[in-house]
Amino acid sequence: MDTQKTAIAQRSQQKLYFEHRDMDYYLSWILGRQIYGGSEPETCFKAASHIVEGDPDSWQQAWAKQAQQIEARAETALGQGDFDSAKERYLQACTYYRAPLFIMSPKAATFWEYWHKMQVCFQTAAALFDPPVEAIQVPFQGNLLPGYLWPAARIGEHRGQQRPTLIIIGGLETFAEDGYFMVGQTSSERGYCAIAVDLPGQGMTPNNDLFFEARMGAAVKAVVDYALTRPEVDPDQLALFGFSWGGHIVFKGAEYDQRIKALIATPAMPDVFRAALAQQGQHGRGDRVGKAVFDQIAWRFGLKLSLK
């Protein structure tokens, strides 16, 4: 089976800084958040300069240091009433607390700490938007899936008007907060509501025994069910947007659900087995970065495995 032609296999072909392809790919992800105010190149490359090739510990420490510094600036701006600067700094701190989690086993002592700080920074920024980004919970099989809804802008429109809505589906290692940095406020500015939710296996849902499985369409259906309870959502203009592994999940979600009127998959991923081989096949057993990534993926599938 040729796995080298898949989108994931090609994701790190252009080097930004690191020789290690996964490190370089995650750096590109972090830098890419700049477009929606979630990072600054100067800060990113400063962190990168303190990271040792192939060393997860130095990766985690460098990003955590930047996160703490930017969070402190955000708190100062908020205290001074400079809400625009505070919002921008909290979004950046969210990204930099998110960064260690890319290359970290969920068994690590600081995994929960960095996730919690990431979430707090995002939710503090979310409250400063106009209109605010709302934290939501989607009922699913006796559990609650956490997420966010950011409403359409109120420019010259009645606040109660139904709007076309985009449901954002992330991938293997994603958190609902990542959904914001895929579309930012552009959805709101163009008259769309947007919803991002941690499906089973995403975010911290494995802690509640919710894992990735073959029937991910059931979780997508739950999000659609929830979306249609919202008065601002137009039931005739509902779309799915899947990124990374979400490019597979959206096909599962839309296959039998006529309520979904449009689908965007980036990339389209009909064969997730090939994608998984492409992602992990390049790693040797001594690759500490690969081990940390693999441990997290195994956790998200509910597998009691790790590399030795």
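Throughout, numbering of the chain's residues begins at 1 and tracks the sequence.
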Heavy-atom pair with the smallest gap, counting every atom of Pro41 and Leu31: CA-CD2, 3.7 Å
Shortest non-hydrogen separation from Ala176 to Asp198 and the atoms involved: N-OD1, 2.6 Å
Hydrophobic cluster membership, [X] vs [Y], 4.5 Å side-chain cutoff:
| X | Y | result |
| --- | --- | --- |
| Leu144 | Phe140 | no |
| Ile264 | Val197 | yes |
| Phe211 | Val220 | no |
| Leu210 | Leu303 | yes |
| Tyr36 | Leu27 | yes |

Lys252 vs Glu213, salt bridge (Lys or Arg N to Asp or Glu O under 4.0 Å): CA-CA, chis, key distance, verdict: CA-CA 11 Å; Lys252 294 288 188 182; Glu213 58 174 35; over 6 Å; no
A side-chain contact here means heavy atoms from C-beta on lying under 4.5 Å apart; do [X] and [Y] qualify?
| X | Y | value |
| --- | --- | --- |
| Phe243 | Ile168 | yes |
| Tyr226 | Gln137 | no |
| Arg163 | Gln237 | no |

Output yes when [X] and [Y] qualify as a salt bridge under the 4.0 Å nitrogen-oxygen rule, no when they do not.
| X | Y | result |
| --- | --- | --- |
| Asp236 | Lys261 | no |
| Glu19 | Lys15 | yes |
| Asp257 | Lys221 | no |
| Glu40 | Arg89 | yes |

Side chain Asp24, main chain Leu16, donor-acceptor under 3.5 Å: yes
Thr205 side-chain N/O to Gly201 backbone N/O, donor-acceptor pair under 3.5 Å: yes
Answer yes or no: does atom [atom1] of [X] have more than 12 heavy-atom neighbours from other residues, nucleotides or ligands under 6.0 Å?
| X | atom1 | value |
| --- | --- | --- |
| Arg259 | CZ | yes |
| Tyr192 | OH | no |
| His116 | NE2 | no |

Single hit among Trp150, Tyr148, Phe175 for ring pair (Phe, Tyr, Trp, His ring centres under 6.0 Å) with Tyr180: Trp150
side-chain contact (heavy atoms from CB on, under 4.5 Å) between Thr229 and Asp225, worked out: CA-CA 7 Å; Thr229 69; Asp225 291 343; 6.0 Å; no
Criterion side chain to side chain donor-acceptor pair (under 3.5 Å) on Arg300 and Gln296, from CA distance to verdict: CA-CA 6 Å; Arg300 295 191 178 283; Gln296 188 172 153; 3.0 Å; yes
Ring geometry between Phe102 and Trp29 (parallel below 30°, tilted from 30 to 60°, perpendicular above 60°): perpendicular
From CA spacing to verdict: side-chain contact (heavy atoms from CB on, under 4.5 Å), Leu199, Val223: CA-CA 9 Å; Leu199 301 186; Val223 180; 3.8 Å; yes
